[in-house]
Amino acid sequence: MKKEMTIDALWQLLIDHQNQTFYTMKKLPFRYCVKGGEIFVDRRSKSITKATFEQALRKLETDSGIITGPKSLNVFGAPYVWAILKTFELV
């Protein structure tokens with residue numbers, strides 16, 4: 001992971017940047033909104049939880065050398081989680 005990031009700091013970034021356009025690795029645009037401890041991506045019906053982002057951060061801290069893309073995060077909504085983390089320069 002390029003910078004140290006706490007889940008609370010990351011969640012605040014998510015709140016600050018909701019409704020902006022992000023892009024997956026396949027260049028698919030998406031937006032999200034934050035409601036409590038979940039984000040709702042406009043391209044999927046299920047939410048991605050704060051715990052999922054926390055899991056991704058932990059994985060980046062412990063396995064940073066082998067995390068090379070969304071699939072290696074091994075979390076729900078990985079393409080979106082990866083795109084957000086990449087935009088914030090955390091991967």
Side-chain angles (χ1 to χ4, degrees):
M1 189 159 64
K2 293 184 180 177
K3 316 183 216 184
E4 284 298 313
M5 176 68 68
T6 66
I7 186 58
D8 292 328
L10 175 58
W11 204 253
Q12 188 58 53
L13 274 174
L14 289 169
I15 291 168
D16 294 344
H17 293 274
Q18 61 186 327
N19 296 316
Q20 292 181 3
T21 302
F22 291 81
Y23 295 89
T24 65
M25 283 185 71
K26 293 183 178 181
K27 308 291 186 231
L28 298 172
F30 70 94
R31 292 175 178 226
Y32 68 84
C33 66
V34 178
K35 293 181 184 173
E38 301 174 284
I39 70 165
F40 292 85
V41 175
D42 62 2
R43 297 187 69 88
R44 52 184 316 117
S45 59
K46 293 185 178 181
S47 67
I48 302 170
T49 65
K50 186 175 182 178
T52 299
F53 280 92
E54 189 168 20
Q55 183 181 355
L57 284 178
R58 271 186 272 140
K59 188 149 182 108
L60 287 170
E61 288 171 2
T62 58
D63 300 337
S64 62
I66 57 172
I67 304 297
T68 57
K71 286 184 181 180
S72 55
L73 280 177
N74 198 29
V75 296
F76 178 79
Y80 305 104
V81 174
W82 180 265
I84 290 167
L85 295 176
K86 187 108 173 123
T87 299
F88 297 149
E89 298 180 354
L90 298 173
V91 292

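Keep in mind it's a predicted model, so treat the numbers as computed, not measured.
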CD1/Ile84 to OG1/Thr24 distance, rounded to the nearest 0.5 angstrom?
11.0 Å

Shared hydrophobic cluster for Met5 and Val91 (ILVMFWY, side-chain gaps under 4.5 Å):
yes

What is the distance from atom CG of Leu73 to atom CD of Gln55, rounded to the nearest 0.5 Å?
9.0 Å

Please list all pairs meeting salt bridge (charged side-chain N to carboxylate O under 4.0 Å, His left out) that have one or both residues in residues 29-50, counting only residues at least two apart or in different chains.
Asp8-Lys50

Of the non-hydrogen atoms in Pro70 and Ala78, which two are nearest, and what is the gap between them?
O-CB, 3.2 Å

Kindly indicate, with the supporting measurements, whether the criterion side-chain contact (heavy atoms from CB on, under 4.5 Å) is fulfilled by Gln12 and Ile15.
CA-CA 5 Å; Gln12 188 58 53; Ile15 291 168; 4.0 Å; yes

How far apart are the C-alpha atoms of Ile48 and Val75, what are their side-chain angles, what is the distance that settles it, and do they pass the side-chain contact (heavy atoms from CB on, under 4.5 Å) test?
CA-CA 9 Å; Ile48 302 170; Val75 296; over 6 Å; no

Which distance, rounded to the nearest 0.5 Å, do you find between the CG of Leu13 and the CG of Leu90?
7.5 Å

When rounded to the nearest 0.5 angstrom, what is the spacing between OG1 in Thr62 and CG in Leu57?
10.5 Å

Might you work through the side-chain contact (heavy atoms from CB on, under 4.5 Å) test for Leu14 and Phe88, ending with a clear yes or no?
CA-CA 10 Å; Leu14 289 169; Phe88 297 149; 4.2 Å; yes

Exam field: side chain Ser72 to backbone Thr68, donor-acceptor pair closer than 3.5 Å
yes

Would you call the rings of Trp11 and Phe53 parallel, tilted or perpendicular, taking 30° and 60° as the class edges?
perpendicular

Give me the ring orientation class for Phe22 and Tyr32: parallel if the planes are under 30° apart, tilted from 30 to 60°, perpendicular past 60°.
tilted

Counting N and O atoms only, with roles assigned by atom type, does the side chain of Gln18 sit under 3.5 Å from a partner on the main chain of Val34, one being a donor and the other an acceptor?
yes

Do Met25 and Val81 share a hydrophobic cluster (ILVMFWY, side-chain heavy atoms under 4.5 Å, transitive)?
yes

Interatomic spacing from CD in Glu61 to CD1 in Ile67 - rounded to 0.5 Å
11.5 Å

Can you pull the salt bridge (charged side-chain N to carboxylate O under 4.0 Å, His left out) pairs that have at least one residue in residues 12-23, sequence neighbours excluded?
none

Heavy-atom nearest pair, Pro29 first then Thr21, reads CB-CG2, 3.9 Å

